[in-house]
Amino acid sequence: MARYESGQRDHSGIRVRRATAEDAETITRVFLASRAAAMPYLPRIHSDEDTLAWITHAVLPDSTVWVAESGGGASGSVELLGFAALAGEELDHLYLRPDALRRGIGSRLLAQVRQAAPERLSLYVFQRNTGARAFYERHGFTAAGFDDGGRNEENQPDVLYRWAA
């Protein structure tokens, strides 16, 4: 797996960097758009405003968060394409804009997370999210447990995945 220093652009011009408080609104938009596109079966439990408050006051301060962005060249325009959040050895979030899928961005974010937690990682994925499950399985994660949905507020059955170096 390629190793990147934080902030270094890859051959496609994608840069991964640590998120800042100023990224909260864009991260929220990516989170909401990704979930709506990939998991339309999920109930909308929180308003957009509540989701922004959660990203701002819980996710960003309590996790290590990276964003993947493109642009910043001659035009100066930068677009946030996705983000990943790590809490200890748990990958809490990895979301991409729907138009940024299948371009290696998720793999790049996951590589950054693995640099920060090189021994082991765990994560939860909704059982019905077959695209995410296939992504993590391709990256060496194995299903370690299945839940009936009682542990998440969406009440959707999920899978605990684990990876070890």
Side-chain angles (χ1 to χ4, degrees), residues 1-24 26-39 42 51 54-55 58-72 78-147 151-152 154 156-165:
M1 175 174 296
R3 291 184 56 89
Y4 297 96
E5 295 301 317
S6 186
Q8 177 184 354
R9 292 192 187 278
D10 67 9
H11 68 283
S12 65
I14 303 300
R15 179 174 81 126
V16 173
R17 63 167 175 82
R18 288 286 295 271
T20 67
E22 290 75 29
D23 295 314
T26 310
I27 288 172
T28 301
R29 284 195 300 272
V30 168
F31 177 83
L32 292 169
S34 179
R35 285 172 64 102
M39 299 171 282
L42 288 181
T51 302
W54 169 68
I55 296 284
V59 175
L60 285 168
D62 297 340
S63 305
T64 304
V65 181
W66 295 271
V67 294
E69 58 187 18
S70 67
V78 175
E79 291 186 271
L80 195 138
L81 303 172
F83 75 99
L86 177 67
E89 293 181 335
E90 184 169 340
L91 177 58
D92 274 346
H93 307 284
L94 197 164
Y95 288 94
L96 301 177
R97 282 187 355 200
D99 63 342
L101 298 174
R102 306 208 191 313
R103 293 172 37 195
I105 299 165
S107 296
R108 176 81 185 272
L109 284 165
L110 183 57
Q112 186 70 48
V113 169
R114 282 184 171 164
Q115 285 181 26
E119 299 298 320
R120 68 187 57 80
L121 284 171
S122 64
L123 59 93
Y124 285 92
V125 175
F126 294 116
Q127 289 182 28
R128 292 172 65 180
N129 191 349
T130 56
R133 291 182 65 187
F135 171 82
Y136 291 117
E137 289 170 8
R138 277 193 313 274
H139 286 281
F141 286 80
T142 55
F146 292 81
D147 189 272
R151 62 158 293 284
N152 62 66
E154 294 88 352
Q156 292 290 311
D158 56 19
V159 182
L160 169 64
Y161 276 94
R162 290 200 170 114
W163 169 83

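Computed over heavy atoms, backbone and side chain alike; hydrogens, waters and symmetry mates excluded. Along the sequence shown, residues carry numbers from 1.
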Hey, could you give me the [atom1]/[atom2] distance between [X] and [Y], rounded to the nearest 0.5 Å?
| X | Y | atom1 | atom2 | answer |
| --- | --- | --- | --- | --- |
| Ile55 | Thr26 | CD1 | OG1 | 11.0 Å |
| Thr51 | Leu32 | OG1 | CG | 5.0 Å |
| Gln156 | Arg151 | CD | CZ | 12.5 Å |
| Glu69 | Ile105 | CD | CD1 | 11.0 Å |
| Leu123 | Asp92 | CG | CG | 9.5 Å |

Please examine the side chains of [Y] and [X], heavy atoms only from C-beta on, and report whether any two atoms are closer than 4.5 Å.
| X | Y | result |
| --- | --- | --- |
| Val59 | Trp54 | yes |
| Val30 | Leu80 | yes |
| Asp158 | Val125 | no |
| Arg162 | Leu121 | no |
| Met39 | Leu42 | yes |
| Phe141 | Phe135 | no |

Assess the side chains of Tyr161 and Glu137: does a donor N or O sit below 3.5 Å from an acceptor N or O? yes
Would you confirm whether [X], through its side chain, and [Y], through its main-chain N or O, come within 3.5 Å as a donor-acceptor pair?
| X | Y | result |
| --- | --- | --- |
| Asp23 | Thr20 | yes |
| Arg108 | Ile14 | yes |
| Ser34 | Leu96 | yes |

Can you name the nearest heavy-atom pair linking [X] to [Y], along with the distance?
| X | Y | answer |
| --- | --- | --- |
| Phe83 | Leu109 | N-CD1, 3.7 Å |
| Val113 | Ala84 | CG2-CB, 3.8 Å |
| Leu60 | Ala19 | CD2-CB, 3.8 Å |
| Arg114 | Gly140 | NH2-N, 4.5 Å |
| Ala85 | Leu91 | O-CD1, 3.5 Å |
| Arg133 | Gln127 | NH1-O, 3.2 Å |

I'd like to know whether Arg18 forms a side-chain contact (heavy atoms from CB on, under 4.5 Å) with Val65, so could you lay out the CA-CA distance, the side-chain angles of the two residues, the decisive distance to 0.1 Å, and finally the verdict. CA-CA 6 Å; Arg18 288 286 295 271; Val65 181; over 6 Å; no
State which residues pass side-chain contact (heavy atoms from CB on, under 4.5 Å) with Ala116; sequence neighbours excluded, sorted by chain then number. Trp66, Leu86
If the threshold is 4.0 Å, N to carboxylate O, is there a salt bridge linking Arg35 and Glu154? yes
Between Ser122 and Glu89, does the side-chain contact (heavy atoms from CB on, under 4.5 Å) criterion hold? Intermediate values first, please. CA-CA 6 Å; Ser122 64; Glu89 293 181 335; 5.6 Å; no
Determine, stepwise, if the pair Thr142 / Tyr136 fulfils side-chain contact (heavy atoms from CB on, under 4.5 Å). CA-CA 8 Å; Thr142 55; Tyr136 291 117; over 6 Å; no
More than 12 heavy atoms from other groups under 6.0 Å of CZ on Arg102: no
